[in-house]
Amino acid sequence: MNRYGFDMQALLAQRGATLRSSLAARLYTWDEIAEQDEEESIGMTEMIEPAAAPAATPPPGGEMAKAYSHAEVESRWYDWWEAQGYFRPERDPAKTAFTIIMPPPNVTGELHLGHALTTTIEDIMIRWKRMQGYSALFLPGFDHAGIAGQYVVEKELARSDLTRHDIGREQFLEHAWAWMRKYIPIISNQFRRLGASCDWSRARFTMDAGPARAVRTVFKHLYDKGLIYQGERIINWCPRCMTSLSDLEVESEETPGSLWTLRYPLADGSGSILVATTRPETMLGDTAVAVHPDDPRWQGMIGKQATLPLTGRTVPIIADAAIEQGFGTGAVKITPGHDPLDFEIGRRHGLPAINLMNTDSTLNANAGTYAGLKPSAARAAVLEALAAQGLLIKTEPHTHVVPHCERCNTILEPLISKQWFVRIQPLADPAIAAAQDGRVGFVPDRFSKVYMHWMSNIRDWNISRQLWWGHRIPVWTCANGHEFAGADEPETVTACPTCGTAEIRQDPDVLDTWFSSGLWPFTTLGWPDQTPDFDYFYPTQVMETGYDILFFWVARMLMQGLENTGQVPFSTVYLHGLVRDETGRKMSKSLGNTVNPLQAADRYGTDALRFNLATGSTPGNDMKFSESRLEGMQRFANKLWNATRFIVFESGSATRRVSAEASRTPALPPAERLTLADRWIISRQHALAGDVQRLMEDYNFGEAGRLIYDFMWGEFCDWYLECAKGPLNGSDAQATADTVAVLRWTLERGLRLLHPFMPFVTEELWQNLLGRPADADLPANAQSICVAAWPRPVDAPYDAAAEREFGLLMAIITAIRNARAEAIKDAPEGQKADLARKRIPAYLAAGESVALLQGQTAILARLAGLEPGGLEIAAALPAAGSAPGMTTLVVEDVAVALPLSALVDRDAVRNRLASEATQAGDEIARVEAMLANEAFMSKARPAVVAAQHTKLAAARDRLAALQARLASLD
RNA sequence: GGAGCCUUAGCUCAGUUGGUAGAGCGUUUGAUUUACAUUCAAAAUGUCACAGGUUCGAGCCCUGUAGGCUCCACCA
């Protein structure tokens with residue numbers, strides 16, 4: 001515990017009760033939390049009730065409800081997972097570490113969808129690696145957030161009509177720490193609600209004693225090395241935040257304004273020079289007029305003196321190549337005190353700089369009679385005075401770029417100030433090299449170019465902030481003028497190491513919050529101590545964050561990591577895009593279009609939210625957040641739920657329940673007992689595992705998730721499960737048991753593949769599927785899908801014959817369904833319903849596939865709605881199939897005759913067949929041309945050529961069959 | 001001023017070694033003694049922004065153009 005009563009682990013240990021008592025049942029929004037506290041003084045922690053319930057609440061046993069309730073299931077598992085220690089990796093030398101350091105959220109506002117996105121992607125990686133047997137560490141933390149942190153506390157104080165100056169620095173810090181004590185547990189619970197499998201026992205706060213010492217250690221190291229220096233520079237000043245800012249914290253906004261042309265008379269009375277400016281009020285601080293050395297218009301003026309209006313001062317007319325001849329009059333007033341370019345020019349020419357402003361941006365005594373005015377008022381007054389003297393020549397509209405404060409949007413003032421800077425080039429060079437030689441890579445790759453460009457044009461970093469909330473700069477000055485940096489606790493620094501005097505004073509400023517963030521990958525693991533965690537988990541593997549903080553954070557972590565640990569802090573940088581609203585606008589409070597991820601989770605389920613975020617986009621690209629997609633994902637969870645319910649409980653087969661409880665590791669029946677459908681779904685499941693593995697290794701989580709969705713819903717539920725109903729409802733006990741085994745095997749593997757994406761529903765279903773004892777608490781050592789082995793991919797195709805043969809079956813079934821639907825559409829109104837319900841016979845001319853299809857009559861009949869006894873399959877078309885009134889279809893080399901034509905137009909049938917024949921003929925011609933092309937034959941890969949041959953054969957079969965049908969029709 | 005991204009079905013988006021395009025939502029038609037109506041089946045809708053080029057073959061690679069978005073940058 002620090003002197004402000006802050007103890008991270010004690011705080012977080014209280015979370016369990018909170019989760020159950022309030023957040024699980026109902027998630028509070030930030031405003032609601034604030035509302036509850038309306039009458040309470042800041043710093044109360046009553047939100048956190050003492051833990052009462054046991055850490056693990058077992059799921060209820062018995063039957064599964066008819067519909068999936070995400071609220072009930074999602075409130076159940078997190079505590080148990082955490083209590084089981086699944087998220088707390090051991091430093092096992094036999095395992096490989098996989099570490100992701102969570103980008104620490106600011107403890108200033110409620111979580112937004114960006115947090116949900118980042119957490120989802122990171123948690124997918126962590127859960128995936130954990131299942132693969134890595135020692136997977138997802139290390140959470142919180143950021144004190146510098147300016148933003150100070151701002152929220154100031155706002156809180158303002159509710160009591162207080163400013164920080166009313167209560168003083170020490171009391172203000174008490175308030176700030178109280179805020180952190182209150183909100184850190186709440187935010188941590190919100191991450192739990194998102195299913196983030198973090199190791200909370202390793203959670204860190206940027207202002208913790210450990211990270212704070214690391215910050216001082218790094219500062220002292222850079223200071224002693226001469227890489228941190230104090231200097232008078234022109235910096236960006238925010239008059240509202242009352243602090244300097246780094247260049248990155250400047251938001252440039254195009255603003256409509258004016259360009260004024262002013263006349264400055266020459267001191268010798270020989271004429272005048274015209275200058276153009278967008279900020280006339282700064283002319284009070286001009287110390288020169290500059291023109292381009294080659295500008296013919298002003299050649300004679302260079303070296304002369306101009307009289308500065310309103311002040312009477314004389315200023316030199318100088319030549320500098322930085323001046324653009326084409327803009328304005330080609331002559332520029334030079335104000336080194338209030339313009340970055342002018343500052344540079346002033347330095348080159350040894351011009352004095354006049355500071356016109358107070359820290360609140362009002363003009364100071366140097367502005368003479370204008371002192372005390374705000375810049376806008378001063379501008380009006382100056383223009384009026386100039387106009388009165390006839391020196392205002394022209395006013396024209398002009399749009400220019402105005403710097404704004406990134407945090408509070410106030411217009412920033414460039415002014416000269418003494419600040420601390422990091423000499424950045426020596427840090428940037430190794431970080432550039434690391435990207436060049438591949439020690440660090442970017443996903444998507446294009447960001448490496450953005451990174452390199454920025455790093456190659458980097459400028460010294462202003463790290464001092466005139467704030468109270470943050471890491472205080474560990475530099476002291478003694479009464480005898482000695483300056484020193486110290487890494488020790490500031491309280492213990494009592495004397496000057498040079499002269500021993502106790503009269504020392506610490507620099508009042510604090511560090512840019514990104515200075516401590518830049519150290520995050522190693523300070524979280526205990527650095528500067530050589531801790532076991534640091535040895536084992538550092539360097540980390542992946543840094544996942546938004547591309548908007550590539551420079552702010554990622555670049556600085558790389559520089560600091562290399563400088564302080566000699567290693568890149570992570571080998572891969574995965575950058576996600578922004579989450580925008582449904583119309584593509586950036587989400588912001590002022591637009592009122594924000595979506596609270598926790599409310600979305602409340603409504604649709606965390607799993608649905610995660611799956612939606614994970615599959616909606618590709619790496620590095622912005623995504624639009626769509627509610628209808630979210631609904632779709634909620635339905636997906638319900639679909640999985642019901643599929644599991646069917647397999648485990650439904651359809652009255654005791655065998656299923658018995659076999660379910662028999663084994664916790666589903667096994668397949670012996671190969672000789674597998675049906676075609678069994679072999680097909682097994683092969684497809686293997687293919688899925690391979691594809692998912694490949695895609696995830698490429699960080700292509702969206703595509704991986706989509707494949708799992710398609711497989712589970714389409715192939716597994718809509719095809720295999722429907723086929724399975726045959727044997728399940730049949731009388732052959734062995735066949736029933738075998739089918740159950742295949743169902744369980746396929747579902748179980750599917751759940752495992754899906755678990756990183758949808759952790760809650762997959763755990764629930766996995767436990768149900770694997771025969772969790774009814775109405776009993778889970779034993780403490782029960783297995784969880786969290787730590788179940790990730791399905792190992794096998795070479796695809798696993799069973800090419802099964803995929804081909806079942807594919808034919810599927811094509812035939814689809815064609816029959818299609819024909820029936822079309823017939824129903826064409827049927828007279830009165831007969832539609834009758835035709836739709838009736839099971840009809842079918843006659844198949846199967847050619848080479850005759851044996852295959854004869855073995856699959858049950859599936860054909862079931863899925864195509866055929867009359868089982870009326871299904872005749874032969875090598876040539878059975879006689880009944882040639883009777884009048886038949887509708888004929890052709891699938892590959894199989895012809896299907898259905899008694900539907902009584903109701904439809906024979907000519908229509910003929911036309912359709914003819915049109916299909918034309919299509920087949922076209923395809924044959926196209927492929928034949930390709931195969932006759934010598935260039936193609938010699939250059940295309942053999943597999944591609946073979947595929948074309950197969951395609952040609954199939955097209956020819958189809959054409960022959962179509963022609964036979966046409967002939968028999970007449 | 002530099003750089004990057006995007007443009008594919010009505011809407012939102014996938015499409016990764018170049019082999020004539022897919023999903024969800026929406027629309028239309030049909031099914032209700034069903035694991036799931038949060039369901040199932042079927043259908044319709046595409047000059048893959050435009051113009052060139054490379055290639056046997058281009059949504060995918062190259063060049064240019066147009067529109068949209070973003071980042072970087074000291075034209076007052």
K.L.:
Given the P atoms of B:A58 and B:C48, what is the spacing between them in whole Å?
P.N.:
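It works out to 13 Å between them.
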K.L.:
From C-beta outward on A:Gln948, which listed nucleotide comes closest to its side chain: B:A35, B:C40, B:G19?
P.N.:
B:G19
K.L.:
Expressed as a whole number of Å, how far does the C1' atom of B:G59 sit from that of B:A14?
P.N.:
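It comes out at 12 Å once rounded to the nearest Å.
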K.L.:
Just call it for A:Thr618: base, sugar-phosphate, or nothing, with non-hydrogen atoms closer than 4.0 Å on any strand.
P.N.:
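The answer is sugar-phosphate, as A:Thr618 gets under 4.0 Å only of primed atoms, P, OP1 or OP2.
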K.L.:
Does a side-chain N or O from A:Lys639 land closer than 4.0 Å to OP1 or OP2 of B:C40, or not?
P.N.:
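Yes, A:Lys639 has a side-chain N/O under 4.0 Å of OP1/OP2 on B:C40.
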K.L.:
Counting only Watson-Crick pairs (N1-N3 plus N6-O4 or O6-N4) and G-U wobbles (N1-O2, O6-N3), all under 3.5 Å, who is the partner of B:U32?
P.N.:
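Here B:U32 is not engaged in any pair, so there is no nucleotide opposite it.
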K.L.:
On RNA chain B, check which nucleotide each of A:His398 and A:Ala637 is closest to and give me the residue with the more 5' one.
P.N.:
A:Ala637
K.L.:
Between B:G46 and B:C40, how far is it from one C1' atom to the other, in whole Å?
P.N.:
27 Å
K.L.:
Nearest to the side chain of A:Asp718, heavy atoms from C-beta on, is which of B:U39, B:A14, B:A41?
P.N.:
B:A41
K.L.:
Roughly how far apart, to the nearest Å, are B:C25 and B:U65 at atom P?
P.N.:
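Going atom to atom, P in each nucleotide, I get 41 Å.
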K.L.:
So, is A:Lys725 near the phosphate of B:A35, with a side-chain N or O under 4.0 Å from OP1 or OP2?
P.N.:
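Yes, because at least one side-chain N or O of A:Lys725 sits under 4.0 Å from OP1 or OP2 of B:A35.
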K.L.:
Regarding A:Tyr604 and A:Asn612, is there a side-chain donor-to-acceptor distance under 3.5 Å anywhere?
P.N.:
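The criterion, which ignores hydrogens and geometry beyond distance, is not satisfied for A:Asn612 and A:Tyr604.
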K.L.:
With sequence neighbours left out, write down each residue that passes ring-ring contact (aromatic ring centres under 6.0 Å, His included) with A:Phe936, or none if nothing qualifies.
P.N.:
none
K.L.:
Do nucleotides 24-30 of chain B as a string where each nucleotide becomes B, S or -: B if the base has a protein heavy atom under 4.0 Å, S if just the sugar-phosphate does, - if no protein is that close.
P.N.:
-S----S
K.L.:
Under 4.0 Å, counting only non-hydrogen atoms across every strand here, what does A:Phe551 touch: a base, just sugar-phosphate, or nothing?
P.N.:
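Touches sugar-phosphate only.
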K.L.:
Within less than 4.0 Å of OP1 or OP2 of B:A43, is there a side-chain N or O belonging to A:Asn818?
P.N.:
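For A:Asn818, the contact criterion (side-chain N or O under 4.0 Å from OP1 or OP2 of B:A43) is met.
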K.L.:
In whole Å, what separates the C1' atom of B:C5 from that of B:A41?
P.N.:
41 Å
K.L.:
Which is true for A:Arg820 with a 4.0 Å heavy-atom rule: it touches a base, it touches only sugar-phosphate, or it touches nothing?
P.N.:
nothing
K.L.:
Mind checking if A:Arg279 touches a base, just sugar-phosphate, or nothing, with heavy atoms under 4.0 Å?
P.N.:
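Here A:Arg279 touches no strand at all.
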K.L.:
Salt bridge check: are A:Glu697 and A:Arg694 linked by an N-O gap of less than 4.0 Å?
P.N.:
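Looking at A:Glu697 and A:Arg694, the cut-off is not met.
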K.L.:
Does NZ or CZ of A:Arg556 lie under 6.0 Å from the centre of the six-membered ring of A:Trp461, at an angle within 45° of the ring axis?
P.N.:
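Yes, A:Arg556 lies over the aromatic ring of A:Trp461.
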K.L.:
At 4.0 Å (heavy atoms only), tell me whether A:Val450 reaches a base, stays on the sugar-phosphate, or touches nothing.
P.N.:
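No contact at all - A:Val450 keeps every heavy atom at 4.0 Å or more from the nucleic acid.
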K.L.:
Using atom P of each nucleotide, how far apart are B:A43 and B:A37 to the nearest Å?
P.N.:
24 Å
K.L.:
Using the C1' atoms only, state how far B:G22 lies from B:A9, rounded to an integer number of Å.
P.N.:
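Rounded to whole Å, the distance is 10 Å.
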K.L.:
With sugar-phosphate meaning primed atoms plus P, OP1 and OP2, does A:Glu703 contact a base, only sugar-phosphate, or nothing at under 4.0 Å between heavy atoms?
P.N.:
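Sugar-phosphate, backbone atoms only, no base.
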K.L.:
Hey, can you tell me if A:Phe716 and A:Phe711 have their rings parallel, tilted or perpendicular (30° and 60° cut-offs)?
P.N.:
parallel
K.L.:
Between A:Arg837 and B:U32, is there a side-chain N or O to OP1/OP2 distance below 4.0 Å?
P.N.:
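For B:U32, OP1/OP2 do have a side-chain N/O of A:Arg837 under 4.0 Å.
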K.L.:
Between B:U7 and B:C61, how far is it from one P atom to the other, in whole Å?
P.N.:
11 Å
K.L.:
A:Ile345 near the nucleic acid: base, sugar-phosphate alone, or nothing, with a heavy-atom cut-off under 4.0 Å?
P.N.:
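Counting heavy atoms under 4.0 Å across all strands, no contact is made by A:Ile345.
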K.L.:
Answer yes if the side chains of A:Asn638 and A:Arg635 hold a donor-acceptor pair under 3.5 Å, and no otherwise.
P.N.:
no
K.L.:
Please classify the nucleic acid contact of A:Trp260 as base, sugar-phosphate, or nothing, using heavy-atom distances under 4.0 Å.
P.N.:
nothing
K.L.:
For A:Glu934, report the nucleic acid contact type (base, sugar-phosphate, nothing); a contact means any heavy atom under 4.0 Å.
P.N.:
nothing
K.L.:
A:Thr615 near the nucleic acid: base, sugar-phosphate alone, or nothing, with a heavy-atom cut-off under 4.0 Å?
P.N.:
nothing
K.L.:
With under 30° as parallel and over 60° as perpendicular, where do the rings of A:Phe442 and A:Tyr451 fit, or are they tilted in between?
P.N.:
tilted
K.L.:
Tell which nucleotide pairs with B:U7, taking only Watson-Crick or G-U wobble pairs whose two distances are both under 3.5 angstrom.
P.N.:
B:A66
K.L.:
With sugar-phosphate meaning primed atoms plus P, OP1 and OP2, does A:Lys951 contact a base, only sugar-phosphate, or nothing at under 4.0 Å between heavy atoms?
P.N.:
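Answer is sugar-phosphate: A:Lys951 comes under 4.0 Å of backbone atoms only.
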K.L.:
Can you confirm if the NZ or CZ of A:Lys725 lies within 45° of the ring axis of A:Phe646 and under 6.0 Å from the centre of its six-membered ring?
P.N.:
yes
K.L.:
Among B:A35, B:G19, B:A42, which is the nearest nucleotide to the side chain of A:Asn642?
P.N.:
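Of the candidates, B:A35 comes closest.
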K.L.:
Hey, can you tell me if A:Phe327 and A:His398 have their rings parallel, tilted or perpendicular (30° and 60° cut-offs)?
P.N.:
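Rings of A:Phe327 and A:His398: perpendicular, over 60°.
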K.L.:
Which word best sums up how the rings of A:Phe757 and A:Phe611 line up, parallel for under 30°, tilted for 30 to 60°, or perpendicular for over 60°?
P.N.:
perpendicular
K.L.:
In whole angstroms, how far is the C1' atom of B:C13 from the CG atom of A:Leu707?
P.N.:
15 Å
K.L.:
Under 4.0 Å: is that the gap between some side-chain N or O of A:Lys624 and OP1 or OP2 of B:C13?
P.N.:
yes
K.L.:
Can you work out whether A:Ala940 or A:Ser626 has the more 5'-proximal nearest nucleotide on RNA chain B?
P.N.:
A:Ser626
K.L.:
Checking all strands, does A:Asn457 fall into the base, sugar-phosphate, or nothing category for heavy-atom contacts under 4.0 angstrom?
P.N.:
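No contact.
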K.L.:
Is the base of B:A35 touched by the side chain of A:Lys66 through a donor-acceptor pair closer than 3.5 angstrom?
P.N.:
no
K.L.:
Which part of the nucleic acid does A:Arg459 contact within heavy-atom distance under 4.0 Å: base, sugar-phosphate only, or nothing?
P.N.:
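The residue A:Arg459 makes sugar-phosphate contact but no base contact.
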